[in-house]
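Within every chain, numbering begins at 1; the chains are lettered A, B, ... in the order of the sequence lines, protein sequences first and strands thereafter.
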Amino acid sequence: MSDIIDEVISTFRVSSIFKNRDYLMPDYVPDELPHREEQIRKVASILAPLYRGEKPNNIFIYGLTGTGKTAVTKFVLSNLHRKFPEKFRYIYINTRQSDTPYRILADLLEALSIKVPFTGLSIAELYRRLIKAINEYNLPIVIVLDEIDAFIKKYNDDILYRLSRINSEINKSKVSIIGITNDVKFVDSLDPRVKSSLGEEELVFPPYNADELEDILRKRAQMAFNDGVVSDNVIKLCAALAAREHGDARRALDLLRVAGEIAERLRDSKVKEEYVYIAKTEIERDRVHDIILTLPFHSKLVLAAVVLKSNDGGVLTTGAVYEEYLSLTRKLGVEAITQRRVSDILNELDMVGILTAKVVNRGRYGKTKEIKLAVDKNIVVKTLLESDNRFADIWS
DNA sequence: CATCCACAGGAAGGACGGGGGT
DNA sequence: ACCCCCGTCCTTCCTGTGGATG
């Protein structure tokens with residue numbers, strides 16, 4: 001048995017593929033960000049007042065996923081901070097990870113080294129403590145709220161409003177907010193007061209094109225892989241596949257990393273192009289798998305209904321899905337939830353990319369959603385079966 | 001041109017289980 | 001011990017709606 005472990009470890013210890021895999025990890029912030037020089041300059045110049053201990057303007061940053069918004073922001077802040085560690089403080093919060101008002105406030109407090117219980121307090125109490133903490137803090141603070149659009153959509157812009165108002169509640173203004181969002185239209189849904197306060201500076205990040213992606217990949221590949229392991233064609237392929245997905249650099253890096261991992265697993269000394277394709281389906285499979293496993297039971301049931309009805313081909317409507325869902329609940333002998341809730345669940349499944357639910361008006365035939373599965377049916381079925389044995393009665 | 005379909009999706013609220021402060 | 005708060009799912013009730021049809 002220990003042979004197996006030795007074997008596995010040995011492939012890890014001396015990798016013929018990777019020099020250092022970390023450079024391909026999503027959270028790695030590189031020393032240089034090719035093709036984002038202009039954005040770096042802009043962000044840096046907005047934040048420059050920190051050097052004099054003054055509060056910079058608030059910033060709104062737009063751009064699709066994987067266009068370097070987070071990387072540029074972190075890059076500029078960490079560089080500034082390294083140069084002037086005594087001048088200011090910055091806090092980065094990803095609102096997808098900390099996805100409730102409570103958790104955001106708790107994270108902020110924690111970053112200011114104030115311990116708070118992870119539940120139990122009222123939001124108002126957290127605000128009180130936060131304001132007190134900021135009041136006692138004498139440096140400017142930059143708060144980065146990443147991916148706020150999803151958060152605001154789910155809750156409201158109350159936190160943004162309150163955070164932007166903190167300055168007027170304390171003696172000296174010193175809190176700057178950097179809001180990062182994937183959704184450009186999202187700003188319109190904000191309270192005008194928040195909009196004007198947070199939108200003091202606006203910045204748009206365009207997607208990378210295939211050439212730029214290639215450039216980025218080449219630089220990273222050099223750091224991450226051993227020499228001669230990755231051919232230019234592999235890099236071009238990763239760039240091309242990611243460019244198709246609106247120039248998502250993270251996607252491109254993921255492809256390259258996973259392709260490398262596959263080569264490593266197969267004890268190959270080179271990353272072949274076919275591994276990139278395998279990586280693509282593997283990434284997709286893992287994503288779908290993770291999402292489905294964490295779904296509540298009735299969401300899984302709704303998904304099962306969609307899968308079953310998709311057998312008939314064509315587009316589904318909310319009504320059709322609900323009917324199928326009801327028959328499943330009867331089959332399994334569980335209580336059904338309302339169609340109103342199922343409608344929301346379909347939207348949730350759309351948001352995580354498992355299916356697409358597009359609202360359409362079909363005139364005489366009413367307003368409904370056109371629902372289509374967006375991922376491989378077999379993966380869905382397999383994961384559903386694995387996640388809850390009650391599904392065995394449906395796919396026997 | 002009005003009608004009316006088949007829902008969309010907002011608002012309010014409730015049950016429940018996680019966990020407080022005092 | 002007491003009462004309070006929050007997030008997660010969910011319900012009930014509701015008003016709104018684009019365009020094929022009559």
Taking atom P of C:dC9 as reference, at what distance in whole Å does atom CD1 of A:I345 sit? 9 Å

Determine the contact category for A:D344: base if any of its heavy atoms lies under 4.0 Å from a base atom, sugar-phosphate if only primed atoms, P, OP1 or OP2 are that close, otherwise nothing. nothing

Is A:F60 reachable from A:L64 through a run of I, L, V, M, F, W or Y residues, each pair having side-chain heavy atoms under 4.5 Å apart? no

From CZ of A:R362 over to P of B:dT3, roughly how many Å is that when rounded to an integer? 22 Å

Please state how far atom CD in A:E323 lies from atom C1' in B:dC7, giving the value in whole angstrom units. 14 Å

Is NZ or CZ of A:R21 both nearer than 6.0 Å to the six-membered ring centre of A:Y28 and within 45° of the ring axis? no

Under 4.0 Å between a side-chain N or O of A:Y365 and OP1 or OP2 of B:dC7? no

Within less than 4.0 Å of OP1 or OP2 of C:dC4, is there a side-chain N or O belonging to A:S122? no

Counting only side-chain heavy atoms from C-beta out, which of C:dT8, C:dC10, C:dT21 sits nearest to A:R341? C:dC10

Does A:R162 count as lying over the ring of A:Y127, i.e. NZ or CZ under 6.0 Å from the six-ring centre, within 45 degrees of the axis? yes

Could you check whether A:F297 gets within reach of a base, just the sugar-phosphate, or nothing at all, counting any heavy atom under 4.0 Å? nothing

Whole-Å gap separating P (B:dA8) and OH (A:Y322): 12 Å

C:dT11, B:dC5, B:dA8: which one has an atom nearest the side-chain heavy atoms of A:K369? B:dA8

Closest heavy-atom pair and its distance - A:A259, A:A279: N-CB, 3.7 Å

Looking at the side chain of A:T317, which of C:dT8, B:dC7, B:dA8 is the nearest nucleotide? B:dC7

In whole angstroms, the gap separating P of C:dT8 from NE2 of A:H298 amounts to 18 Å

Separation of A:Q339 atom CD from C:dT12 atom P, in whole Å? 13 Å

Can a side chain N or O of A:S343 be found less than 4.0 Å away from OP1 or OP2 on B:dA8? yes

Should the pair A:K87 and A:Y51 be classed as cation-pi, given the thresholds of under 6.0 Å to the six-membered ring centre and 45° from the axis? yes

May I ask you to evaluate whether A:Y155 reaches the phosphate of C:dT8, defined as a side-chain N or O under 4.0 Å from OP1 or OP2? yes

Within the structure, does a side-chain N or O atom of A:T119 lie under 4.0 Å from either OP1 or OP2 of C:dC6? no

From the list C:dT8, C:dG7, B:dG20, which nucleotide is the closest neighbour of the side chain of A:P117? B:dG20

Can you tell which of C:dC5, C:dC9, C:dT8 lies closest to the side chain of A:P296? C:dC9

Classify the side chain of A:R340 versus the base of B:dG10 as yes if they form a donor-acceptor pair under 3.5 Å and no if they do not. yes

Should the pair A:K174 and A:Y137 be classed as cation-pi, given the thresholds of under 6.0 Å to the six-membered ring centre and 45° from the axis? no

Expressed as a whole number of angstroms, how long is the span from A:N361:CG to C:dG18:P? 6 Å

Counting side-chain heavy atoms from C-beta on, which of B:dG21, B:dC4, C:dG7 comes nearest to A:Y102? C:dG7

For a quick check of understanding: with a heavy-atom distance under 4.0 Å over all strands, which category does A:A357 fall into, base, sugar-phosphate or nothing? nothing

Rounded interatomic separation in angstrom, taking NZ from A:K367 and P from C:dT21: 20 Å

